[in-house]
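Notes follow once the structure below has been shown.
By convention here, the first residue in the shown sequence is residue 1. Treat the numbers as computed from the prediction; the structure is a model and nothing was measured.
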Amino acid sequence: MKTTTEIRSDFLEFFRGKGHTIVPSAPLVPANDPTLLFTNSGMVQFKNVFLGSEKPGYVRAADVQRCLRAGGKHNDLDQVGYTARHHTFFEMLGNWSFGDYFKEDAIVWAWELLTKVWGLAPERLLVTVYHTDDEAYALWNQKIGVPAERIVRIGDNKGAPFASDNFWQMADTGPCGPCTEIFYDHGDHIAGGPPGSPDEDGDRFIEIWNLVFMQFDRQPDGSLLPLPAPCVDTGMGLERLAAVLQGVHGNYDIDLFRHLIAAAARFTGTDDLQNKSLRVIADHIRACSFLIVDGVLPSNDGRGYVLRRIIRRALRHGWMLGQKKPFFHLMVPALVEVMGDGYPELAAKREFVERALLAEEERFSQTLDSGMRIFDEVAERSTGVIPGIDVFRLYDTYGFPTDLTADIARERGLTLDMEGYDAAMAKQKQGGREGADFGSKTTMPAELAAKLAPTEFLGYDRLTEGGLEVVALLRDGMPVDQIVAGDSAVVILDRSPFYAESGGQVGDAGELDEAGTRFLVRDTQKFAGQFHGHIGELTAGTLKRGDRVLGAVDEARRAATVLNHSATHLLHAALRRLLGDHVTQKGSLVAPDRLRFDFSHFNPMTDAELAEIERQVNADVRRNYEAEVHQMGMQEALEFGAMALFGEKYGDRVRVLRMGEASTELCGGTHVSRTGDIGLFKIVSESGVQAGVRRIEALTGQGALDYVAEEEQRLEQAARLLGGNAADVADKLRALLDRQKKLERELESIKAKAASGAATDLAASAAQIGGVRVVSTRLEGFDAKALREAVDSLKQQLGDAVIVLAGASDGKAALVAGVNGSATGKVKAGELLAHVASQINGKGGGRPDMAQGGGDDGPALSKALAGVAQWVESRLV
């Protein structure tokens, strides 16, 4: 029996023997692609190649790509565990041709691997082709020898052109083409018919391999133009294939899942290995672990939100099995045992994955405690209704079930703004959807990209260069032959000293000039991943394709940016030395005026830690290390000690920056000559971006010196205001705060006495209606808390009573109503308060004996309070 590890290896070795370059799996977070939440198919890392905007150093490739479908458009989460073949995480085997071989080789090799290498019975295999793809049909029938009755032509769905399971397209326009799919017949003892038949959704015939032949470029009008270099894109699910080769019907019966399910059963104390909750846990540990390996940590938005959902779903299924203690993190070693050989990064980061999962398990176990604290804060400032955004925050941030929030609110005489909650939930769902558009502001027409050579970057050595050829002009995203003064456009040159935004470093600004023509460059971006696009406006003359210009980068702007970029590397290294190797870059911004660095870390940094980081970076600055640049192969760079940054895409040859003993990283950015050029490094803030991700903002050079000078000025100003000098500011301020606390305590005491006194005065003047004392009045200067205390005091003094008190400030009124004694049988405080609030454009509600709310202050408030006695009398009759 072939294990999943052996199948993975067999596939790669087979295509290595066919001249393919073996490409490692891309991370689950697509590199430099904001249009996708996750890598959801094998073609994602080759997308720019198919669009014609990226040219790899090979024409044949094969890989095993880890994929995730648990968020946005592709979301299988709710079905996982309850079907035989749905997963959040799965592995996709793929072989690729970029303008090299086409249909014949792809089909011949697929058949050879399945039937010769893996020994599948040919009579168990059935194939489909697009209904007009006679070439593929003939290859299967005449070249391979598949009988006509086992070749199914699949037409268009509902008559729409090319809307077929056997016609693949990247988007509404662009590369597309027919595909042929290979199905395995599990036997007539299983229900279901062949593809294209009425009962094709059964489980008898299972698709195992899809060969896509990209041979057309679909135009906006729907027409198909032949691609100059047709490509092949294949995908085969490893889990489905393993089920076939291991002689089982469901994916959860393969060796990998049997191992994980056994571990899940052990850690949850479950004897029934067929329990669907065990399947959920086994599936989810793969998704969660690899997301964390690829730099995602639980949070409340985006990718981190999806990860949190998957973890908590696994925990819920553990609880359903009776396991209330943390257990999910204990699954990681079992996962490493079955997948560590294929993915060494999983084994290398095992402890970090375990820590991240345990932290989330413990955080979720504290949900009720933390949620109750937040609820108390929200309830204290509410006027009878818990705002929908707070209800959503309790659910989204603290995992506090909405029905539980409603129950607690009812006990306290409060209601929930469910309309606001639904609106907040809808907004979150909208924000979590992944984009389906393959374009972006830095894309360009594929036919143009295919004609151009990548821009040669000159800016490492010089900031001014003449004789630069204008190879393309883009206006409103479309190629033009020339632009005139006043036009905003993108100029693409054959060579450029302008750095294009990448790796967090902003793009250069400056000018392009020649013979009376002047183009003001505001920004430089990488178009289609390899062309430096100079974005700006032509302020004089006419610029045509083929012209040659002088490019001059804004030297002061670049120099300031360089200081911040090099300091970012020193900061990263210092953080790893002080906090640990789990610190990895999660994002950065390197601009002329500041640097921003996001990194993985579970806890806020202390003042002492920040001071130590600042000290270490400045020590490395003073050591004045040379910034050495080396060009080498990727493996050589890793052996050299270079650290690759998360989310960056690297080629076969990489640029390594080493600054003495402090830092060695892969980086294509521009840097100082020596660390001493940085001058001074100053941290200005540390904050949380999301759960498990912290952010440091800092300044360097003159910016840091200016900041220190401004801080000193502010300190001196504060000292003068406190009547002292900079040396005794802390003592003066401490004395002032102590005095303030004393005054606040005295004020609270005065308010309490005022509330008691007001209640005594009101009790003496209460109206008598049907044996019930009624009070309805306004108390100046009373907030909601003081009003509640006054109502409680009046209840004790009056016995059988109905009370409505109002307080107002800044045009808004607070209302509190109370009912006590025999009156509670006929008068409900919530109804009374709602009646009063409705007259002042407000609302409120609560329990029969106590309610609160609010509305507008004004003449209507006095009228509403005056009508309370009559309303109460109508209820007492």
Side-chain angles (χ1 to χ4, degrees), residues 20 23 26 30-33 35-36 39-56 58-63 65 67 73-74 92 94-107 129-133 135-136 154 156-157 160-181 209-236 434-440 442-452 454 477-479 527-531 649:
H20 290 62
V23 179
N32 302 321
D33 189 347
T35 67
L36 287 175
T39 298
N40 53 35
S41 65
M43 64 78 56
V44 168
Q45 72 164 311
F46 301 113
K47 187 178 72 177
N48 287 335
V49 179
F50 292 131
L51 288 171
S53 62
E54 185 177 314
K55 298 175 176 63
Y58 43 80
V59 293
R60 299 180 180 185
D63 69 342
Q65 176 63 52
C67 304
K73 180 181 176 182
H74 299 287
M92 185 68 76
N95 59 287
W96 315 81
S97 165
F98 307 116
D100 185 33
Y101 64 84
F102 201 46
K103 293 182 184 180
E104 180 173 352
D105 286 335
I107 288 174
V129 298
Y130 187 56
H131 68 115
T132 62
D133 192 356
E135 181 184 3
I154 301 294
D156 296 323
N157 299 329
F162 315 120
S164 170
D165 290 341
N166 278 67
F167 193 92
W168 187 92
Q169 53 191 35
M170 188 177 292
D172 292 336
T173 60
C176 60
C179 62
T180 181
E181 297 175 324
W209 206 343
N210 184 16
L211 315 179
V212 177
F213 307 124
M214 278 183 279
Q215 62 186 105
F216 301 112
D217 184 2
R218 190 170 188 179
Q219 303 300 299
D221 63 2
S223 61
L224 301 181
L225 298 181
L227 286 173
C231 300
V232 172
D233 160 8
T234 84
M236 176 162 52
E434 68 186 41
D437 184 8
F438 279 99
S440 75
T442 55
T443 59
M444 58 193 300
E447 61 272 17
L448 175 61
K451 297 175 183 176
L452 300 179
M478 298 303 296
F527 279 65
Q530 57 185 347
F531 306 105
K649 192 171 184 179

Euclidean distance, Ser97 OG relative to Asp233 CG, rounded to 0.5 Å: 10.5 Å
Pairs satisfying side-chain hydrogen bond (donor to acceptor under 3.5 Å, both in side chains), at least one member in residues 222-231, at least two apart: Asp221-Ser223
Heavy-atom pair with the smallest gap, counting every atom of Pro178 and Tyr130: CB-CB, 3.7 Å
With Thr180 via side chain to side chain donor-acceptor pair (under 3.5 Å) - residues at least two apart: Trp140
Check against side chain to side chain contact (heavy atoms under 4.5 Å, CB included), His131 and Asn166: CA-CA 8 Å; His131 68 115; Asn166 278 67; over 6 Å; no
Nearest-0.5 Å distance, OG1 of residue Thr39 to CE of residue Met92: 12.0 Å
Worked verdict on Tyr58 versus His20 for side chain to side chain contact (heavy atoms under 4.5 Å, CB included): CA-CA 8 Å; Tyr58 43 80; His20 290 62; over 6 Å; no
By side chain to side chain donor-acceptor pair (under 3.5 Å) - contacts of Asp63 (at least two apart): Gln45, Trp96
4.5 Å side-chain heavy-atom contact, Asp133 and Lys103: yes
Passing option when Pro230 is tested against Tyr101, Phe98, Phe102 for side-chain contact (heavy atoms from CB on, under 4.5 Å): Phe102
Heavy-atom side-chain contact between Leu452 and Phe531 under 4.5 Å: yes
Min side-chain heavy-atom separation Phe213-Val232 under 4.5 Å: yes
Side-chain donor/acceptor of Asp156 to backbone N/O of Phe162, under 3.5 Å: yes
Least distance between heavy atoms, Pro175 atom then Met214 atom: CB-SD, 4.0 Å
Leu211 CG to Glu181 CD distance, which is reported to the nearest 0.5 Å: 9.0 Å
Pair Leu227-Gln215, side chain to side chain contact (heavy atoms under 4.5 Å, CB included): steps then yes or no: CA-CA 5 Å; Leu227 286 173; Gln215 62 186 105; 5.7 Å; no
Least distance between heavy atoms, Gly99 atom then Cys231 atom: N-SG, 3.7 Å
Least distance between heavy atoms, Leu448 atom then Pro479 atom: CD2-CG, 4.0 Å
